[in-house]
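So you know, we letter chains A, B, ... as the sequences are listed, proteins then strands, and number each from 1. Nothing here was measured: the structure is a model prediction, and the numbers come from that model.
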Amino acid sequence: MCCVRSLPTLFIARMKWTEFFIPTAKECPADAVVPSHQLMIRAGLIRQVVAGAYTYLPLGLRTLRKVETIVREEMNRAGAIELHMPAMHPIEWWEQTGRVAAMGDVLVRLASVSPDDWRSRTCLGPTHEEVITEIARAYVRSYKQLPINLYQIQTKFRGEARPKSGVLRTREFLMKDAYSFHLTKEGSGGLDEGYQKMYEAYCAIFSRCGLPYIAVQAESGPIGGDASHEFMVATDAGEDYLVHSEDGKYAANLERAEVAAVMDVGQGGNASLKEVHTPELKTIDEVSAFLKCMPQQMIKTMIFEADGEPLVALVRGDHEVNEAKLRRIAGIKKLSPAEPELIREVTGAEVGFAGPVGINCRMIADQAVTVMHDAVTGANKTDYHVTGVNPERDFQIKESGDIRMAIPGDRAPNGSPLIFKKCIEIGHVFKLGTKYSVSMEAQCLDHVGKPRPFIMGCYGIGLNRIMAAAIEAFHDDKGIIWPMSIAPFQVVICALDIKDDAVMSLAQKLHDELIASGIDVILDDRDARPGFKFADAELIGFPLRITIGKKGLADGLIELTVRQTGETQKIKPAEAVAKVQECVGAACI
RNA sequence: CGGGGCGUGGCGCAGCCCGGUAGCGCGCCUGCUUUGGGAGCAGGAAGUCGCAGGUUCGAAUCCUGUCGCCCCGACCA
């Protein structure tokens, strides 16, 4: 990637501001809270229609289309093949994969007047694994057709309980989703190779969009599969957390983040076990306040129901159990917090007084618990806790490991301190495995003619989120600062004196020359004062601004201003096209 | 789904407590002046006060219900 990319002709057309449609606003609705939402409204990019659904106004659509074009180019370059699937799906397919129940209210269904109505058998797709798997089942019959990667750019529907933060979380959104099909995991043509290709394509896409992204290890979650990365952009407007090590060598989402073992400080360990009366005190905070100890000195004892059996998990008082980690270490499928009844049964006490001492149940301790001394924990007796508890002396630890959430102060597995950041997920690559091919009986014949289920990968990108994330990452008090590659227009020409023939004819000439040289430019020909035009240009965030005024022109000069730096240089009109090309080129390599 | 807040011209808000002519700023339209950082003056258009009931001589205002939107939390394959 070393050459200047030319913009698809789709984006290049003569454009006067007065003939376009750009409803900017000085003020914005109080409803908009996060910067990207406020600026998208103020710059005239979007307008809300209902909660979680937005119109993309002409300017906003230009950026969305540019993002789309970059995604399409890089997907094609990576060997993926575009197709288009419908938003309407037969619910039956979703039943086959068990996802009608798994999705619950997230699956958008149509209101039907009767059970025989087609509407009662139709839903709007929140994603397309079912539809694509059916395509593969129908048409891909031989290993010779593999590997294959099919993708689309489609509107998705999800019944989000709470849409928020403008286009960052909506019920209707544009997503690029790709699905790869393989018969092997390793080797040439295998899933691992296809996954790696997509990972690299994603890096290329986000780099070209100018985004400061970070790829993190992610939980594969209930969708199944064994490997997954999320692509994140750090922003306070996000709703996820990522952690990365100070040395940059380790990055994961919060749910996935592993922590280095906590050192045994070796202090204490001689106290004797003592029962203390703690009436009505159930939480870590209540008990630690009452006994004047730190939460770190307490052992939190959580009871779960794991595949139908009770399971006790021990973590330090200031830590939280990470259910995904616990599930993996325990080697179980289904994990949920135990009902109070089960807790009473296991501990012989009311909820809030569980402890590891004397409990008779499968128990897994977090590593940090194994190095505790003289700890405090529940006594398995209502209204009592015990102090002076020492692992191994007072209770046996047969199983232990990393089963907790990382917290600030923790270190990555390589020992480097962990840094926490709020972020927004813009892409996700995922090894699905055979979950869908098995449940939908999508198979193909291998070298020896034996039918085998496809091994699949899926790869998603939120197009609208790329747009919003770019704004979150690049804005100032004046407005948006678009990366060159996805700006609605690369250049705005501000003609300051529209009744002045010299000004207007030069503006028009430069506009035409820029168009001819493949630059997309809009000519601000509004009859407005300079400050008004500048403020709009800065609000919308065109990367470059050419200012042509009567006064400057008297000296034979015009101005070129870079939005990002605010830097202005006076140039000769004849230099303008070359200078702009230079700036555009420098920004797009 | 739990908790909180808000619905009054395109946008931002006041008015509501204490019922009685629907108001301000931005924007919009017309005219004149102005033209390098969101211009000035004059004139003008635009609102079923979210919706439905109720109380009242009279409801933006009080009561009941309902819908919508936003925020916090829960959820998020």
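A donor and an acceptor atom sit less than 3.5 Å apart, one in the side chain of Glu538(A) and one in the base of G37(B). No hydrogens or angles were tested; on distance alone, a donor-acceptor pair under 3.5 Å links the side chain of Asp536(A) to the base of G38(B).
Pairing of G58(B), defined by two Watson-Crick or G-U wobble distances under 3.5 Å, is not identified with any nucleotide. Pairing of C1(B), defined by two Watson-Crick or G-U wobble distances under 3.5 Å, is identified with G73(B). Using the Watson-Crick or G-U wobble rule with both distances under 3.5 Å, G31(B) pairs with C41(B).
Between Lys26(A) and G38(B) there is no side-chain polar atom (N or O) within less than 4.0 angstrom of OP1 or OP2. At A39(B), one or more side-chain N or O atoms of Arg529(A) fall inside 4.0 Å of OP1 or OP2 (strictly under the cut-off). Under 4.0 angstrom from either OP1 or OP2 of C72(B) there lies at least one side-chain N or O belonging to Arg162(A).
A salt bridge does not link Glu255(A) with Lys325(A): none of the charged nitrogens is closer than 4.0 Å to a carboxylate oxygen.
Asp527(A) has its CG atom 15 Å from the C1' atom of C29(B), to the nearest Å. Separating the NZ atom of Lys533(A) from the C1' atom of G38(B) is a distance of 13 Å, rounded to the nearest angstrom.
Taking the P atom of each, C49(B) and U21(B) are spaced 14 Å apart, rounded to whole Å. Across C75(B) and G68(B), the matching P atoms stand 24 Å from one another, rounded to whole Å.
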Show me, pair by pair, the donor-acceptor contacts under 3.5 angstrom made by side chains of residues 334-342 of chain A, not counting sequence neighbours?
none

List, one per line, each side-chain donor-acceptor pair under 3.5 Å for residues 549-557 of chain A, sequence neighbours excluded.
none

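Residue contacts for Pro23(A): at a heavy-atom cut-off of 4.0 Å it reaches no nucleic acid atom on any strand shown.
Considering only side-chain atoms of Arg42(A), the nucleotide from C69(B), G38(B), U34(B) that sits closest is G38(B).
Mapping Trp94(A) and Glu559(A) onto RNA chain B by nearest heavy atom places Glu559(A) closer to the 5' end of the strand. Each of Leu539(A) and Lys499(A) was assigned the nucleotide of RNA chain B with the nearest heavy atom; the assignment lying further toward the 5' end belongs to Lys499(A).
Gly125(A) and His89(A) get closest at one heavy-atom pair: CA-CE1, 3.4 Å.
Aromatic rings of Tyr179(A) and Tyr151(A) (six-membered ring for Trp) have centroids beyond the 6.0 Å cut-off, not under it.
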